[in-house]
Participant: 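To start, I am sharing the structure in question, which I have written as structure tokens.
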Amino acid sequence: MPIIVNLDVMMAKRKVSLNELSERVDLTLSNLSILKTGKAKAIRFSTLEAICRALDCQPADILEYVNDK
């Protein structure tokens, strides 16, 4: 898939655990885990905004486009 999710990298840089981020953004652990592992098919802008606010980052720090060619 050409969209890479770097949520785990940002969480490590900010020293934030999955449990802590889950509480900060009011998202279930399972949904956050699906997003973190790159298995999510979509993300709401409101969720992306909450994650960026909690991790003090930009969407491009979390999502990356890689051309498959």
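All values reported here derive from a predicted model rather than from experimental measurement.
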Participant: Decide whether Leu7 and Tyr65 are clustered together by the hydrophobic rule: side chain heavy atoms of Ile, Leu, Val, Met, Phe, Trp, Tyr closer than 4.5 Å, transitively.
Facilitator: yes

Participant: Enumerate the salt bridge (charged side-chain N to carboxylate O under 4.0 Å, His left out) contacts for residues 7-20, please, sequence neighbours excluded, ordered by first and then second residue.
Facilitator: Glu20-Arg24

Participant: Enter the distance from Ile62:CD1 to Met10:CE here, rounded to the nearest 0.5 Å.
Facilitator: 6.5 Å

Participant: Excluding sequence neighbours, so at least two apart, what forms side-chain contact (heavy atoms from CB on, under 4.5 Å) with Lys39?
Facilitator: Ile34, Thr37

Participant: Does Thr28 have any side-chain contact (heavy atoms from CB on, under 4.5 Å) partners at least two apart in sequence or in another chain, and if so, which?
Facilitator: Ser30, Asn31

Participant: Glu64: what forms a side-chain contact (heavy atoms from CB on, under 4.5 Å) with it, not counting sequence neighbours?
Facilitator: Ile4, Asn6, Val66

Participant: Considering only distance and modelled atom types, tabulate donor-acceptor pairs under 3.5 Å from the side chains of residues 49-57, sequence neighbours left out.
Facilitator:
residue, atom, partner, partner atom, Å
Glu49, OE2, Arg53, NH2, 2.8

Participant: Under 4.5 Å between any side-chain heavy atoms of Leu63 and Leu48, yes or no?
Facilitator: yes

Participant: Taking only residues two or more places apart in sequence, or in another chain, which ones meet Leu18 in a side-chain contact (heavy atoms from CB on, under 4.5 Å)?
Facilitator: Met11, Leu29, Leu32, Ser33, Lys36

